[in-house]
Amino acid sequence: MLSQNTIEIVKSTALVIAEAGPAMTAHFYERMFSHNPELKDIFNLTHQQSGRQREALFNAVHAYAANIDNLEALLPAVEKIAQKHTSFQITAAQYDIVGTHLLATIDELLSPGQAVIDAWAEAYGVLAGIFIDREEAIYQESEQQAGGWRGKRAFELVEKCRESDVITSFVFKPVDGGAVMPFKPGQYLGIYLKPEGFDYQEIRQYSLSAAPASDRYRISVKREPEGKVSNYLHDHMQTGDRVELVPPAGDFYLQAQADTPVTLISAGVGLTPMLAMLESLTKQRASVNWFHAAENGSHHAFAEHVSQLCKQHEHFNSQVWYRIPDAADKAESRFDHEGLLDLNAVKDTISDPRMQFYFCGPLGFMQYIAGQLKALGVDDSRIHYECFGPHKAL
């Protein structure tokens, strides 16, 4: 429990730290990687270069300071971060390292005095304890499930399938021949790679793109132009190769009763968590909408698979938007709408006040969809989304 004096000091200095903003987080990461370069095997250095991870840290620190007297308001964010941390196998000792460099950064950049440093040390200790306890609970939950495990586990690539010009699927089975733990449709899988030519171990999280199976996991990965790991997987990963995986995690997943109508909305590779949900909704009694946007037919993954699912299940409704369809797309009627995904075109199918909405895609697309849903009167409790990479509020 934080002392009132600590709460007052942290809240009173929150604005100063907020004003330091990017300079503070840049200094923190440079300091930490200089003193503890082993952490480069954990942090996504691509996000470091783009500034996304630094922005996420700054937002987290500021949110904590602003809500230090109301920690319950932070619980949703704590859960999201804790889930991601377990995918990186974060330990209590690493929280000590981060705390040391965070406090040193505040001292070196702001020189606020020992009373402020002590208050932030106490506050950080409480927050770290919350994360450590929650993450340990997640580790134990994964370990105790049927087919579960703790830490990294060796898997073999048993199938590699090109789904579109830019997306390829990878199916992994455990080398030990055992079962795998179930997951909640929408969650992701942590993959660890350090092949020849990589300076550091690379850890990525990819959404599981098929309904849970007892002996395998499937991910579907988009080739990113500058994506070190995605290009390696597309160009070099072959059946028979081995990787290390950690248990599925994530706080974005399907939560719908059999009589709850659901709408799944995606763009590009954002369809991967949606596909796991769709396959898991075949026994749903209520209506299920599948709304997907793609550049054109060459970029549209799983088109035939989704089409077949919708034909087999009368409560499924599929609508597809192509932003720039080509002549073949038009000749073969591969899409339903041209241009951007416009929910007004299908508003009659989403008017049920009980309907739950799940969506995923590029950030701009998700902001666009969230804005449309709110304009249509959908309240926040029915809106669920996933950001690839550091989380952003829409």
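Of the listed residues (E79, H85, K80), just one forms a side-chain contact (heavy atoms from CB on, under 4.5 Å) with Q83, and that residue is E79. With H101 as the partner, the side-chain hydrogen bond (donor to acceptor under 3.5 Å, both in side chains) test is satisfied by one option alone out of E30, R31, E108: R31. For the ring-ring contact (aromatic ring centres under 6.0 Å, His included) test with H300, the passing option among W321, F335, Y322 is Y322; the others fail.
The shortest side-chain heavy-atom distance between F291 and L343 falls under the 4.5 Å cut-off. Using a 4.5 Å heavy-atom threshold, the side chains of K222 and I167 count as touching. Here the side chains of T105 and M32 are not in contact, with every heavy-atom distance at 4.5 Å or above. M24 is not listed as a side-chain neighbour of H27, based on a closest heavy-atom distance of 4.5 Å or more. Annotation: side chain of L245 is in contact with side chain of L189 (closest heavy-atom distance under 4.5 Å). Side-chain contact check for F357 versus I369: every heavy-atom pair is 4.5 Å or farther apart. Side-chain contact between T168 and V221 is absent, with no heavy atoms from C-beta onward closer than 4.5 Å.
Not one N or O on the side chain of H236 forms a donor-acceptor pair closer than 3.5 Å with the backbone of Y232. T100 places a side-chain N or O within donor-acceptor distance of the main-chain N or O of D96, the cut-off being under 3.5 Å. At distances below 3.5 Å, at least one donor-acceptor pair connects side-chain atoms of Y124 with backbone N or O atoms of Y95. Within the 3.5 Å criterion, the main-chain N or O of A249 finds no donor-acceptor partner in the side chain of K84. A donor-acceptor distance shorter than 3.5 angstrom exists from the side chain of Q89 to the backbone of T86, with no hydrogens or angles considered. Of the possible polar contacts, none joining the K11 side chain to the I68 backbone as a donor-acceptor pair under 3.5 Å is found. Of the possible donor and acceptor atoms, none in the side chain of N67 sits under 3.5 Å from a partner among the backbone N and O of N70. The backbone N or O of L341 lies less than 3.5 Å from a partner atom in the side chain of Q372, making a donor-acceptor pair. For the pair R218 (side chain) and S209 (backbone), a donor-acceptor distance under 3.5 Å is present. Of the possible polar contacts, none joining the D107 side chain to the L103 backbone as a donor-acceptor pair under 3.5 Å is found.
Taking both residues in full, the closest heavy atoms of D41 and I203 are given as O-CD1, 3.6 Å, listed atom of the first, atom of the second, then distance. For the residue pair G151 and P247, the shortest heavy atom distance occurs at O-CD, 3.7 Å. Here the shortest heavy-atom pairing between P248 and L208 reads CB-CD1, 3.9 Å. Contact between Q284 and A256 at its shortest, heavy atoms only, is NE2-CB, 4.2 Å. Closest non-hydrogen pair, G250 versus Q187, comes out as O-NE2, 2.8 Å. Pairing each heavy atom of S220 with each of T272, the nearest pair is O-CG2, 3.5 Å.
In summary, the side chains of H337 and Q319 do present a donor paired with an acceptor at a separation below 3.5 Å, with no hydrogens or angles considered. There is a side-chain donor-acceptor pair under 3.5 Å between S169 and E163. Under 3.5 Å, the side chains of T260 and Q356 contain no donor-acceptor pair of N or O atoms. Side-chain atoms of Q140 and E136 form a donor-acceptor pair, as typed in the model, at a separation below 3.5 Å. In the model, H305 has a side-chain atom that pairs as donor or acceptor with a side-chain atom of E279 under 3.5 Å. Between the side chains of S3 and N5, not a single donor N or O lies within less than 3.5 Å of an accepting N or O.
Tracing side-chain contacts under 4.5 Å through hydrophobic residues (I, L, V, M, F, W, Y), one never reaches L271 starting from I383; they form parts of separate clusters. Placement of F183 and I138 in two distinct hydrophobic clusters is found when ILVMFWY residues are connected by side-chain heavy-atom separations under 4.5 Å, directly or transitively. Criterion: ILVMFWY side-chain heavy atoms under 4.5 Å apart, direct or through other members. Under it, Y64 and V16 are part of a common hydrophobic cluster. V346 and F359 fall within a single hydrophobic cluster, where Ile, Leu, Val, Met, Phe, Trp and Tyr side chains are chained together by heavy-atom contacts under 4.5 Å. Neither F252 nor I81 shares a network with the other; the hydrophobic side chains, linked directly or stepwise wherever heavy atoms of I, L, V, M, F, W or Y lie under 4.5 Å apart, form separate groups for each.
Heavy-atom contacts from other residues, nucleotides or ligands closer than 6.0 Å to CD of E72 number 12 or fewer. For Q257, the CD atom is loosely surrounded, since the number of other residues' heavy atoms within 6.0 Å does not exceed 12. In R382, the CZ atom is crowded: over 12 heavy atoms of neighbouring residues, nucleotides or ligands sit closer than 6.0 Å.
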**OP:** Show your reasoning for whether side chain to side chain contact (heavy atoms under 4.5 Å, CB included) applies to R204 and L193.
**Re:** CA-CA 9 Å; R204 295 293 186 274; L193 293 166; over 6 Å; no
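Using cut-offs of 30° and 60° for the angle between ring planes, the Y217 and W149 rings count as tilted.
Between Y206 and F170, the ring center distance fails the sub-6.0 Å criterion.
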